[in-house]
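Remarks on the structure that follows.
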Amino acid sequence: YSGYLGSARQANQVMALHRMCGKEEGCALIVDPVMGDNGKAYSIVGNPEFIAAMRELCARADVITPNLTECALLLGMEADGYTDSRESALDYMKRLADKGAKRIVVTGMVEGDQVGAGFYDAESGNSGFVFHKHIPVYYPGTGDLFTSVLTGRLLGHEGCTLEQAVTDAAHFVRDCAEYTSAQGTPPIEGVQFEKLLSHLTAQA
């Protein structure tokens, strides 16, 4: 499972590791292609070698979890060139599947006062969306938390579907944001997820 990668060299190292152990039973490559958010690319994206390496890494992955900005960048669009709708998100996911990714989860979608994620399984053709109440506070690290829970669900629970993994991850992040908001701690410190970890074991 890779998150933020600061260079093409690091992305290539992840691919080298995958070449070494990716054929092992039970092994999966899960990539959160951290490249930008809210229609703005991070500075590293200005490096063509980095973009090429990240696209190749995502094409090899079993699961990728881009936000809409990252979908646009992976598809060769401008960072703010996406449309935030279910129809567009499904199109982006299918196009990313055509490039090689097996399962795609698009995060950070907005519908009115709700936020959520879309998912698409290229092998089965199953797709859908999971939305929940928006907690109006920005906490850094929630994307990392989402993909971590998603990874745990998919690898640690036999028979867990992509839809169930996305649902559990989205609801856990929501619960953590809601709990943290009630505590009134500085948002820059992120969400307080430790006290809510029992929610995950209760769902197991």
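Residues Asp84 and Met109 form a side-chain contact, since some pair of their non-hydrogen atoms from C-beta on lies under 4.5 Å apart. Using a 4.5 Å heavy-atom cutoff, the side chains of Asp37 and Tyr42 are in contact. No side-chain heavy atom of Asp168 sits less than 4.5 Å from a side-chain heavy atom of Leu200. The side-chain heavy atoms of Tyr92 and Leu68, taken from C-beta on, include a pair separated by under 4.5 Å. The closest side-chain heavy-atom distance from Val110 to His134 is not below 4.5 Å. Within the 4.5 Å cutoff, side-chain heavy atoms of Thr201 are placed close to those of Ser198. Counting heavy atoms from C-beta on, the side chains of Arg153 and Phe172 never come closer than 4.5 Å. The shortest distance between side-chain heavy atoms of His18 and Leu57 does not fall below 4.5 Å.
Under a 3.5 Å cut-off, the side chain of Thr69 and the backbone N or O of Asn38 do form a donor-acceptor pair. Although no hydrogens or angles enter the test, the distance criterion places no donor-acceptor pair under 3.5 Å between the side chain of Thr180 and the main chain of Ala177. When atom types are taken as modelled, the side chain of Asp62 and the backbone of Ile30 share no donor-acceptor pair closer than 3.5 angstrom. Side-chain atoms of Thr167 come within 3.5 Å of backbone atoms of Glu163 as a donor-acceptor pair (strictly under, hydrogens ignored). With hydrogens and angles disregarded, a donor-acceptor distance shorter than 3.5 Å links the side chain of Arg55 to the backbone of Leu73. A distance-only check finds no donor-acceptor pair linking the side chain of Tyr120 to the backbone of Val106 [under 3.5 Å]. Of the possible polar contacts, one joining the Glu70 side chain to the Met35 backbone as a donor-acceptor pair under 3.5 Å is found.
For the atom pair CD of Glu123 and CG of Leu162, the computed distance is 11.5 Å after rounding to the nearest 0.5 Å. One distance of note links CZ of Arg95 with CE of Met77; it measures 6.0 Å at 0.5 Å rounding. Summarising the geometry, atom CZ belonging to Arg103 is positioned 9.5 Å from atom OG1 belonging to Thr161; distances are rounded to the nearest 0.5 Å. The NZ atom of Lys99 sits 13.0 Å away from the CD atom of Glu56 when rounded to the nearest 0.5 Å. Note that CZ of Phe131 is 3.5 Å distant from CD of Glu111, once rounded to the nearest 0.5 Å. Remark: Tyr82 OH to Asn67 CG distance equals 7.5 Å, nearest 0.5 Å.
No continuous path of ILVMFWY side-chain contacts below 4.5 Å connects Val149 to Tyr4, so the two sit in separate hydrophobic clusters. Under the 4.5 Å side-chain contact rule for hydrophobic residues, Val63 and Ile104 do not share a cluster. Cluster annotation: Tyr179 and Ile135 are assigned to distinct hydrophobic clusters (Ile/Leu/Val/Met/Phe/Trp/Tyr, side-chain heavy-atom contacts under 4.5 Å, transitive).
The two atoms that bring Ala79 and Ala72 nearest to each other are O-CB, 4.1 Å, heavy atoms only. Closest non-hydrogen pair, His132 versus Ala170, comes out as NE2-O, 3.4 Å. The heavy-atom pair separating Leu154 from Cys160 by the smallest distance is CD2-O, 4.2 Å.
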- Apply side-chain contact (heavy atoms from CB on, under 4.5 Å) to Arg60 and Arg19, showing your working. CA-CA 10 Å; Arg60 294 170 178 263; Arg19 284 192 293 270; 3.6 Å; yes
- Item | From CA spacing to verdict: side-chain contact (heavy atoms from CB on, under 4.5 Å), Leu96, Cys71 | CA-CA 8 Å; Leu96 289 168; Cys71 282; 4.0 Å; yes
- Given the rule in the side-chain contact (heavy atoms from CB on, under 4.5 Å) test, do Val34 and Leu5 qualify, once you have shown the distances and angles that lead to the verdict? CA-CA 7 Å; Val34 181; Leu5 300 171; over 6 Å; no
- Message: Show, in sequence, the C-alpha distance, side-chain angles and deciding distance for Val191 and Val173, and conclude whether the side-chain contact (heavy atoms from CB on, under 4.5 Å) test is met.
- Response: CA-CA 8 Å; Val191 293; Val173 172; over 6 Å; no
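Counting non-hydrogen atoms of neighbouring residues, nucleotides and ligands closer than 6.0 angstrom, the CD atom of Glu194 exceeds 12 such neighbours. More than 12 heavy-atom neighbours from other residues, nucleotides or ligands sit within 6.0 angstrom of CD on Gln13.
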